[in-house]
Amino acid sequence: MVDRTEWLESRDSLVRTIKRLGFPEELGLEIAKQLGSPKAMRRMEAYLYNVQPDSAELIVDEMLAILTDIEAWRTKKDSLEANARYNEVLNAGFGDDKNY
C-alpha cells in the first residue's frame, strides 16, 4: 500500500507541473485524483515534461491512456493468476475419483 506522504508528494509535483504549463490547479488536482497512484502520476508528469501539451484535451487524453494501460495490466494479472490456479487443479487433480 502506498503511504499518504508519497501520494501527496506525487500529487503536488504533478499539480505544479500542470500549473507551469499554464493550466489551472484544479485540472492538476482532478488528474491526480483520477490517476490515483504515485506511479501513474509520475508517468503523467513524464509525459508532460516530454510533450509539453498545449491543450487540456491532450492532458486528459493521456490520463485516459494511462488509466487504460493500468486496467489492461490488472486484467492480464488477474487472468494469469486464474490460469495459474487452473493449472494447479489440472496438475494436482480433483482428489479421489470415487467422489465424482
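All values below come from the heavy atoms of this structure, side chains included, with hydrogens, waters and symmetry mates left out.
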| request: Go through the steps for D69 and R43 under the test side-chain contact (heavy atoms from CB on, under 4.5 Å), then give the verdict. | output: CA-CA 11 Å; D69 284 351; R43 181 173 165 188; 2.4 Å; yes
Could you tell me whether the side chain of [Y] reaches within less than 4.5 Å of the side chain of [X], counting heavy atoms only?
X	Y	result
R42	S10	yes
L48	M44	yes
S13	E45	yes
L58	Y47	yes

| said: I'd like to know if E6 and R11 make a salt bridge, using a cut-off of under 4.0 Å between side-chain N and carboxylate O. | reply: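 Answer for the salt bridge query: no.
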| Can you check whether L64's main-chain N or O pairs, donor with acceptor, with T68's side chain at less than 3.5 Å? |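 Side chain of T68 to backbone of L64: a pair is present.
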| task | Say whether, by atom type as modelled, one donor and one acceptor occur between the side chain of W7 and the main chain of G36 under 3.5 angstrom. | result |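 Yes, W7 side chain to G36 backbone: donor-acceptor pair under 3.5 Å.
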| message | Hydrophobic clustering (ILVMFWY, side-chain heavy atoms < 4.5 Å, transitive) - are M63 and L14 grouped together? | response |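 Both belong to a single hydrophobic cluster.
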| said: Would a single hydrophobic cluster contain both I59 and I66, if residues Ile, Leu, Val, Met, Phe, Trp and Tyr are joined by side-chain heavy-atom contacts under 4.5 Å? | reply: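 Linked within one cluster.
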| request: Starting at NZ of K33, measure out to CD1 of I31 and round the result to the nearest 0.5 Å. | output: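 If I round to the nearest 0.5 Å, the distance is 11.5 Å.
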| query | Taking atom OG1 of T75 and atom CD of E71, what is their separation to the nearest 0.5 Å? | reply |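 Spacing of OG1 (T75) from CD (E71) equals 4.0 Å.
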Between side-chain atoms of residues 18-29 and protein atoms elsewhere (two or more places apart, or another chain), which donor-acceptor pairs fall under 3.5 Å?
| from | atom 1 | to | atom 2 | distance (Å) |
| --- | --- | --- | --- | --- |
| R20 | NH1 | Y49 | OH | 3.3 |

| task | Please step through side-chain contact (heavy atoms from CB on, under 4.5 Å) for the pair D12 and R16, ending with a clear verdict. | result | CA-CA 6 Å; D12 292 347; R16 276 192 305 275; 3.7 Å; yes
